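First comes the structure, then the notes that go with it.
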Amino acid sequence: MKKILSFIFLYTLIIGAFAQSRVSISGYIKDGRNGESLIGATLQLEEIKSGTISNEYGFYSISAPPGTYTLKVSYIGYTTIVQTIQLSERQTLNFELQESDIVLEEVVITEKEASSNVTDLKMSSEKLSIETIRKLPQLFGEVDVVRTMMLLPGVQNAGEGTTGFYVRGGGQDQNLILLDEAPVYNASHFLGFFSVFNSDAIKDVEIYKGGIPAQYGGRLSSLLDIRMKEGNNKKFAVTGGVGTISSRLTIEGPILKDKASFMISGRRTYADVFLKLSPNENQRNNKLYFYDLNTKINLTLNDKNRIYLSGYFGRDKFGFSTVFSLGWGNATGTLRWNHLFNDKLFSNTTAYFSNYDYELKIGGSVSNFKWTSNLQETGVKQDFTWYVHPKHTLQYGVQGAYRKFLPGKIEPTSDKSIFNTITSDPIYGIETGIYISDKYKLNKRISVDAGLRFSSYYNMGPGTVYQYANNNPRQDTIGKTKYSSGKLINTYAGIEPRIAAMYLLNDVSSIKLNYNRTRQYIQLATNSTSALPTDVWVPSQRYVQPQIADQIAAGYFRNFKQNKFETSMEIYYKWLTNQIDFRDNANVFFNQRIETELLKGIGRAYGSEFMIKKQNGKTTGWISYTLSFTQRQINGINNGNWYYARYDRRHNGNIVITHQLTERWSISGAFIYATGNAVTFPAGRYIYEGNVVPYYTERNGFRFPAYHRADISATLEGKNKPNRKWKGSWNFSIYNIYMRKNAFSIYFREKKDNPNQTEAVMVYLFGIIPSVTYNFKF
Amino acid sequence: MKLIQKISLILLVGSWIILISGCEKVVNVDLNETESKVVIEGWIYTTPGPYKVQLSRTGSYFSSNPAPTISGALVIIRDNAGNVDTLSETEPGIYSTHTLQGVSDRTYSLQVTTNGNTYTATEFLPDVTTIDTLGAISGKDIPFGDKDFYYVTFYAWEPQDKKNWYRFILSKYSTIIGQDSIVNNEPVDWIVTDDGFVKGDIAELPFITPFEFNDSVTVIMQSLSQPAFDYLAAMQIQVTSDGGMFSPPPANPKSNISGGAIGYFGASDVATKSIRVKP
């Protein structure tokens, strides 16, 4: 640890030494319409071909020798600002970009320079704007950022309709989902059919499938970074929508013009309203809804200090008469403070809180009980970005998080209940991280981002650790050790190198490479393919080692026709260690010693992704193809042989196209093709006590039929009348237009006319689903 | 607890699937054939025998033939008190004991020799508590109940000094009117459960099996060893699994038979009580 610190110190000294005799310009880049900061906007000094990109808070900083420069600020979908500046002393320049109406005209870029997808070090990442997502066809008309992400190469779903996603062969617990820097532990509503992210409250979504910056840790396979809107700081605005499943309403506006603004956004479903109309009393008592509330306040104290406060609260409720109910939800809160130490040193301090809990209730006079469980994480992050020199950008920081899990508590809900009150022992842990990375522009062609992260996890008391014969939890218990409060039970720590390199071949093409090691100190124990609200998060402990992944990826990026078409090809290989799975027919429910049910193994995933994208003009969209392999090898499963994960997809192709027909009408279409899930089917059957029992030989040795479907949608924007504030738009979506019956599951049953014979039955969820959504703004 | 867990999950998923208008379609699936395995099913009880051991083989999954039986095997059951019983084949593939009777706290071992292969299994016979009494309540008063039916309720003292595993078998004894000689006593439902989270004093606990007015219902409570519980619970999950994303991955229940055969050799203490269903 000391070594790392002194290394960081030394390194910063060396870099600092040649940061002289340059003047810097810095500032914020914003959306001129509503004052929202623009993330990832490009700022370029034409004469020296030197550029930078605005960070997550819209801040940029660049330095250059004194002189006269042509400065260009651009962001996709916005009119580029070109301005001549005299650079003699350091200055602050804020920019407000105006949204361009040029969607209807084909943009002609005459300069022969590559856009950032070629020149930026970043690879294996994708960014989607909410505007793009909104125009695409959606299931039940619910605009869903996570589901739309699955149309990207390398991001896969587990099956029809679900929002649990798998990135490059990683499990769905290996995705770090951050909502304004706070981790979200269960990002699904309705058992996974919708994600918790209300599109009206979201500004920016970015997914990293690899090349995860050193700043982020704690999950192996991906980072889904979701940023909430800050709120219009120019004028009050109300946006909303009425859809098939839910309605939304967002209010935003300035508290102090250009200084402070707020945003509050809500969404609720209303299926249960219709249940109330049912003639059946039991049906009327059923509950079925979810809601979300997002809110954010931001305050610009002065040029150097900004504060953001944001929160999310969401809940699902599912109740079956008085017999059974299940409720679950997340709450997150984030407080951030941006501070400029000087025009080159940007600091962000984050304090966050995240809570996930669920409650299961069973009614009845004697068999009643209530089962609750929750997980809380409180953390702080201190991140610095030091724009040392146009050639060097340093990012470094420290992070710490405290987690408390309460795996479960059972309480009777009446005196007559046959159940005792039982509380499982809470589990306490602290995860820390320290990192540094340097984005180094070696020369015009070569850039390197070398990062190093050191993470550690401390499993804290109170707690009980059991000892097993041969140190194997699958064998007899031979003793136990009790640890008192605050005592250190177990420690894991390790280094995570994150390295990326880029070689610019010519003006329009480049080669990129990256290597990533990630460590994960918590994993989701799930015994089924789709995550249930009741799945348990298992932190690293004595017998559950942290998962480690190493990924290498290489890519070729080339743009055609003045950057109108962006193409990319990536290959990756990922090694995974300390993967856990449950032993066959494991008892997962309220198990205090989960280690006795776990099996450990390794995994590997490899493949290649191809994509052609068009971001400008009347017609936009992408075509992608992924070839991938995902395997696991776990002793105790499949006789210890390698087997394909259920979500292994040999082929996956997507076509997503949006076309602006007229000023008011736009149409979109999406086509998805994927190899069917790998599943286990019986190799034989036998009779035991009169039951026909399937007999299995190989794990996931069979495939569902291929999955494919096409969706279309049309959006009609309201007439643009200068004096009318109200702006409405209609979205018509048709999901699965040719009514493909895609397998959700296949099960076997005795034939009705001949019980000696068995037949296979496929269950499919959705036929064709049309939906209409009305959105408004004033 | 297992039961409640299962019911809630089935209910949860079931209603979701209905809600989102799930549909079914019979499809053709090509399954790989595998070499046939020996299947052994046998139970020892504390109630008088003879007890049966059934030997059969796994068959092709879509086959319309009944499971092939194994005849001419040598089947021996021993206990740790020195009793030995060599079973006789009374029907093809079914072997019956002669003198053996199960006694709680004894350990039983099974030895089967067929086609030159020997398969063995050992099982402990745990004791079971007694059923104090049974009752019946209307379906409208219990969770998951159907108001047109009645449900049998259970009263017992559950020993709290050690962990116990149980199987309950509910059977219906009905007399067909006009033919007094024909009686029908058939098991209608069975469940396995453990005593986790349960208080010692159990009163008015309903079984989720609907009965009609005047049905004669027998509740058989059997003690199980933990491996037997695991086997039966896993078998029930696998038999009822819909293979969907909310189901656990398909896996074979863990057999206690060594030598490469599948199935289970179990031993149970038995407590029984009957009731005629009246409101």
Side-chain angles (χ1 to χ4, degrees), chain A residues 158-159 162 191 318 320 323-324 326 360 362-367 410 416 418-420 422 527-530 532 584-585 589-590 679-689 691-697 699 701 741 744-748 754 756-767, chain B residues 1 4-5 8 11-12 15-17 20 22-29 31-34 36-37 39 41 56 58-62 64-67 141-144 197-199 202-206 230 234-235 237-239 241-254 262-263:
Chain A
T162 60
L191 292 175
F318 174 78
F320 186 77
V323 169
F324 168 81
L326 178 64
L360 178 78
I362 302 279
S365 59
V366 294
S367 55
I410 287 178
K416 275 182 86 185
I418 59 158
F419 293 104
N420 282 318
I422 295 175
N527 205 9
S528 55
T529 310
S530 191
L532 289 169
D584 288 345
N585 298 304
F589 185 78
F590 211 93
V679 288
T680 308
F681 284 154
R685 60 166 193 184
Y686 60 97
I687 310 292
Y688 192 88
E689 293 188 341
N691 299 289
V692 179
V693 188
Y695 177 66
Y696 303 102
T697 50
R699 174 72 71 102
K741 291 171 179 169
F744 176 74
S745 73
I746 289 179
Y747 74 98
F748 299 89
N754 179 6
N756 269 333
Q757 224 170 349
T758 322
E759 62 186 4
V761 182
M762 181 183 91
V763 179
Y764 59 96
L765 292 186
F766 304 125
Chain B
M1 209 63 205
I4 292 162
Q5 171 196 5
S8 50
L11 189 76
L12 178 71
S15 36
W16 269 103
I17 287 171
I20 48 186
C23 305
E24 291 188 343
K25 182 175 124 180
V26 173
V27 289
N28 284 322
V29 173
L31 298 177
N32 300 341
E33 290 298 312
T34 181
S36 184
K37 287 257 185 189
V39 182
E41 171 191 330
S56 61
T58 60
S60 160
Y61 196 77
F62 288 123
S64 53
N65 304 320
D141 296 327
I142 64 157
F144 312 113
F197 322 117
V198 170
K199 289 195 287 203
I202 294 175
E204 220 186 330
L205 176 67
D230 286 347
M235 184 180 84
I237 288 172
Q238 297 301 335
V239 167
S241 170
D242 67 352
M245 287 190 298
F246 302 108
S247 300
N252 298 316
K254 196 176 176 223
I262 56 175

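Sequence lines set the chain letters: A, B, ... in the order given, protein chains first and strands last, and positions in each chain run from 1. Owing to the predicted nature of the structure, the values given are computational and were not obtained by experimental measurement. Atoms considered below: every heavy atom in the structure, side chains included; atoms not considered: hydrogens, waters and symmetry mates.
Not counting sequence neighbours, the partners of B:Y61 by the ring-ring contact (aromatic ring centres under 6.0 Å, His included) test are A:F748. Judged as a side chain to side chain donor-acceptor pair (under 3.5 Å), and not counting sequence neighbours, the contacts of A:T680 are A:N700.
When each of B:P253, B:A67, B:A251 is checked for heavy-atom pairs under 4.5 Å with chain A, B:A251 comes out on top. Here B:A203 is the residue among B:S36, B:S56, B:A203, B:P66 with the most heavy-atom pairs under 4.5 Å with chain A.
Here the side chains of B:K25 and A:V761 are not in contact, with every heavy-atom distance at 4.5 Å or above. No side-chain heavy atom of A:Y686 sits under 4.5 Å from any side-chain heavy atom of B:K37.
Looking at B:N65, only its backbone comes within 4.5 Å of chain A, counting heavy atoms on both sides. If you measure heavy-atom distances from B:V39 to chain A, the contacts under 4.5 Å come from the side chain alone. Interface remark: A:N691 contributes side-chain atoms only to the contact with chain B (heavy atom separation under 4.5 Å). Both the backbone and the side chain of B:T58 come within less than 4.5 Å of a heavy atom in chain A.
Residues B:P250 and A:Y696 come closest through the heavy atom pair CB-CZ, 3.3 Å.
Between the side chains of A:Y747 and B:E24, a donor-acceptor pair is found at a separation under 3.5 Å.
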From CA spacing to verdict: side chain to side chain donor-acceptor pair (under 3.5 Å), B:Q238, A:Y695
CA-CA 10 Å; B:Q238 297 301 335; A:Y695 177 66; over 6 Å; no
Could you give me the CA-CA distance, side-chain angles and deciding distance for A:F419 and B:K199, then say whether side chain to side chain contact (heavy atoms under 4.5 Å, CB included) is met?
CA-CA 5 Å; A:F419 293 104; B:K199 289 195 287 203; 6.0 Å; no
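Interatomic distance, CZ of A:R685 versus CG of B:L31, reported as 11.5 Å (0.5 Å rounding).
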